[in-house]
> 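Have a look at this one before I ask anything.
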Amino acid sequence: MREAYLDNSATTRCFPEVVELMSKIYLEEYGNPSSMHHKGVEAEKYITEAKRTLAQILKVNEKNLVFTSCGTESDNIAIIGGALANQRKGRHLITTSIEHPAVLEAMKYLESQDFEVTYLPVDQYGVVSPDAVEEAVREDTILVSIMHTNNEIGSVQPIEEIGRRIKRKNPACLFHVDAVQGFGKARIYPKKWGVDLLAVSGHKIHAPKGIGFLYIGDKVKVRNLIFGGGQQNGMRSGTENVAGIAAMGLAARILYQDFDKEMEKLYGLREMFIALVRDIPDVFVNGPKERLGAPHIISLTVPGVRAEVLLHALEGKGVYVSSGSACATNRPHLSGTLEAIRLPREFMDNTIRISLSGMNTEEDIRQASDALHEVVPFLRKYTRH
Ligand code: PLP
């Protein structure tokens with residue numbers, strides 16, 4: 001059966017060039033970058049090169065990048081490490097109600113350690129108001145964490161404006177951005193935007209799972225959470241994942257090489273999908289309108305059909321999507337994001353996420369639309385009586 005993989009916000013397929021590079025590193029240039037001999041130097045070169053690429057894309061200095069094991073680890077270091085290093089200035093933090101568990105659970109942990117956290121609401125499109133952020137920032141606020149692109153509905157936050165407002169109200173307050181869904185799908189300039197910390201993950205951009213990085217701005221104090229051999233200036237001990245780092249650098253280079261063309265393609269596929277499913281009775285798309293949101297995420301509510309049932313019915317037609325957010329679906333709770341945009345409760349369990357990558361084709365979109373047209377009336381017949 002032909003497969004249409006439309007769950008790219010859960011994870012992506014690696015670029016073939018990326019796998020080739022990793023294979024070369026694993027089989028030939030497998031040295032430990034801390035080793036002083038030739039094999040170590042060889043490995044170190046891959047790290048330097050990946051740093052150069054990533055730093056150029058973000059327009060930051062190479063020395064401000066720390067490699068981690070994933071987006072979750074980057075978020076944790078930023079939030080917990082940032083809070084611990086700055087707790088003398090205050091114990092108040094701010095975030096939004098639509099963050100990924102990598103941020104929300106780190107915040108919860110800090111609450112258990114006597115920090116205070118303010119959770120800001122979003123509008124019906126999933127966007128937080130810069131006015132509300134500015135208002136919430138206090139003298140004792142030490143860190144604000146706001147995601148760039150939401151993983152469930154694709155809303156994109158006005159990060160530059162928010163950065164400006166935070167610094168205007170309290171220049172010492174740190175600004176962390178979870179850019180796991182935004183990096184590769186948007187141009188992001190942390191230094192220019194007043195962002196102090198920025199989390200990215202490799203497996204969302206056609207690099208493998210198990211690699212990520214954290215941007216830490218100049219003079220930003222963050223306490224390390226991992227103790228050991230002192231690699232990466234002590235910020236993140238542990239032998240570097242050289243193949244993963246090189247892979248993430250190469251994948252980012254490929255994505256940003258033809259960035260405008262890639263974005264045009266993704267928006268085109270997104271619009272094609274929405275146009276094709278519009279004639280299925282009662283279905284609707286959640287989140288940002290037209291091109292105001294991310295190009296790759298579509299949150300679709302299909303009233304009368306349970307998301308999990310729909311997901312498996314589509315799977316039967318070779319179409320892979322997710323119900324809500326795949327990263328959080330092993331926990332049976334209603335989606336915080338859908339609740340935050342005030343989607344009526346009865347629709348929350350009727351919502352699936354379709355997420356695209358540049359590897360998708362119009363044929364994938366047609367296959368998904370055909371499958372939906374076929375299975376939805378059938379499933380509704382079963383559930384509506
Ligand atoms: N933040 C967001 C917005 C995400 O979508 C995800 C994963 O889906 C993460 C963080 C966690 O990233 P990782 O899977 O690399 O730990």
Side-chain angles (χ1 to χ4, degrees), residues 5-14 18 54 65-81 95-109 119 122 126-128 145-157 159 176-186 188 190 195 197-215 225-226 236 241 244-245 247-248 251-252 287-288 293-299 320-331 333 335-338 340-341 352-357:
Y5 182 76
L6 299 173
D7 201 10
N8 289 281
S9 286
T11 199
T12 56
R13 176 171 179 243
C14 280
V18 160
L54 296 166
L65 301 181
V66 175
F67 293 108
T68 65
S69 67
C70 58
T72 301
E73 185 188 339
S74 300
D75 281 329
N76 272 255
I77 297 176
I79 295 166
I80 300 174
T95 191
T96 77
S97 48
I98 61 164
E99 301 295 314
H100 187 273
V103 167
L104 290 178
E105 293 296 317
M107 290 290 178
K108 254 198 221 164
Y109 167 72
Y119 297 87
V122 292
V127 179
V128 67
S145 179
I146 295 181
M147 72 201 318
H148 180 281
T149 298
N150 178 266
N151 48 303
E152 293 183 55
I153 58 170
S155 53
V156 174
Q157 305 303 331
I159 297 297
H176 168 57
V177 171
D178 174 347
V180 169
Q181 294 291 345
F183 187 78
K185 305 291 188 313
I188 298 174
V195 171
L197 298 147
L198 185 106
V200 170
S201 175
H203 73 107
K204 314 286 186 181
I205 62 161
H206 307 283
K209 293 152 195 69
I211 188 68
F213 74 84
L214 176 65
Y215 161 79
L225 304 181
I226 303 269
R236 207 287 195 162
N241 175 357
I245 291 168
M248 186 165 56
H296 63 304
I297 296 177
I298 305 159
S299 170
Y320 299 99
V321 303
S322 97
S323 68
S325 163
C327 308
T329 41
N330 47 4
R331 262 172 294 155
H333 73 287
S335 151
T337 302
L338 297 179
I341 60 167
I352 56 169
R353 177 187 70 183
I354 293 98
S355 50
L356 315 169
S357 83

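These figures come from a predicted structure and were not determined experimentally. Atoms within a ligand are numbered from 1 in the order they appear, just like the ligands themselves. Residue numbers run from 1 in the order of the sequence given.
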> If you measure every N or O of Ala10 against every N or O of ligand 1, does any of those distances drop under 3.5 Å?
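Among all N and O atoms of Ala10, none is under 3.5 Å from an N or O of ligand 1.
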> Quick one about Lys209 and Thr11 (side-chain donor to acceptor, distance below 3.5 Å, no hydrogens or angles considered), yes or no?
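Distance-only check passes for Thr11 and Lys209.
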> Check contact between Lys209 and ligand 1, using heavy atoms of the residue and a distance below 4.0 angstrom.
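No heavy atom of Lys209 comes that close to ligand 1.
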> Only heavy atoms of Thr72, strictly under 4.0 Å: list the atoms of ligand 1 that pass.
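Heavy-atom distances to Thr72 below 4.0 Å select 11 (C), 12 (O), 13 (P), 16 (O).
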> Which heavy-atom pair separates Ser74 from Gly212 by the least distance, and what is that distance?
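What the structure gives for the nearest pair is OG-C, 4.3 Å.
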> List in chain and number order the residues that pass salt bridge (Lys or Arg N to Asp or Glu O under 4.0 Å) with Glu73, two or more places apart in sequence or in another chain; answer none if no residue qualifies.
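Listed in chain order: Arg236.
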> Quick one: does ligand 1 sit under 4.0 Å from the side chain of Glu99, the backbone, both or neither, non-hydrogen atoms only?
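It is neither; nothing of Glu99 touches ligand 1.
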> Testing Val177, Ile98, Val103 one by one against Met147 for a side-chain contact (heavy atoms from CB on, under 4.5 Å), which residue passes?
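That would be Ile98.
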> Suppose I only count heavy atoms of Met147 and a 4.0 Å limit; which atoms of ligand 1 are within that range?
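The atoms of ligand 1 under 4.0 Å from a heavy atom of Met147 are 3 (C).
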> So between Gln181, Glu152, His148, His100, whose heavy atom ends up nearest atom 6 (C) of ligand 1?
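It is His100 that holds the nearest heavy atom.
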> May I ask you to decide if the ring planes of Phe67 and Phe213 are parallel, tilted or perpendicular, using 30° and 60° as cut-offs?
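Correct class here is perpendicular.
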> Look up atom CG in Asn150 and atom OG1 in Thr337, then write down how far apart they are to the nearest 0.5 Å.
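It is 4.0 Å, given to the nearest 0.5 Å.
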> State the OG-CE distance between Ser145 and Met107, to the nearest 0.5 angstrom.
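Those atoms lie 4.5 Å apart.
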> Which of these, Ser201, Ser69, Ala102, has its nearest heavy atom closest to atom 15 (O) of ligand 1?
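Going through Ser201, Ser69, Ala102 one by one, Ser201 has the nearest heavy atom to atom 15 (O) of ligand 1.
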> Give the contacting part of Glu73 toward ligand 1: side chain, backbone, both or neither, where contact means a heavy-atom distance below 4.0 Å.
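It is neither; nothing of Glu73 touches ligand 1.
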> When you compare ligand 1 with Thr149, is there at least one nitrogen or oxygen pair between them that comes in under 3.5 angstrom?
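Looking only at distances, the answer is no, because the N/O contact criterion of under 3.5 Å is not met.
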> Counting only heavy atoms closer than 4.0 Å, does ligand 1 sit against the backbone of Asp75, its side chain, both, or neither?
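Just the side chain.
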> Which ligand 1 atoms are under 4.0 Å away from a heavy-atom of Asn151?
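That gives atoms 3 (C), 5 (O) of ligand 1.
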> Considering only heavy atoms of Asp178, which atoms of ligand 1 have at least one such atom less than 4.0 Å away?
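Atoms satisfying the 4.0 Å criterion: 1 (N), 2 (C), 3 (C), 10 (C).
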> Check side chain to side chain contact (heavy atoms under 4.5 Å, CB included) between Thr12 and all other residues, then give those that pass, not counting sequence neighbours.
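Side chain to side chain contact (heavy atoms under 4.5 Å, CB included) list for Thr12, sorted by chain: Asn8, His206.
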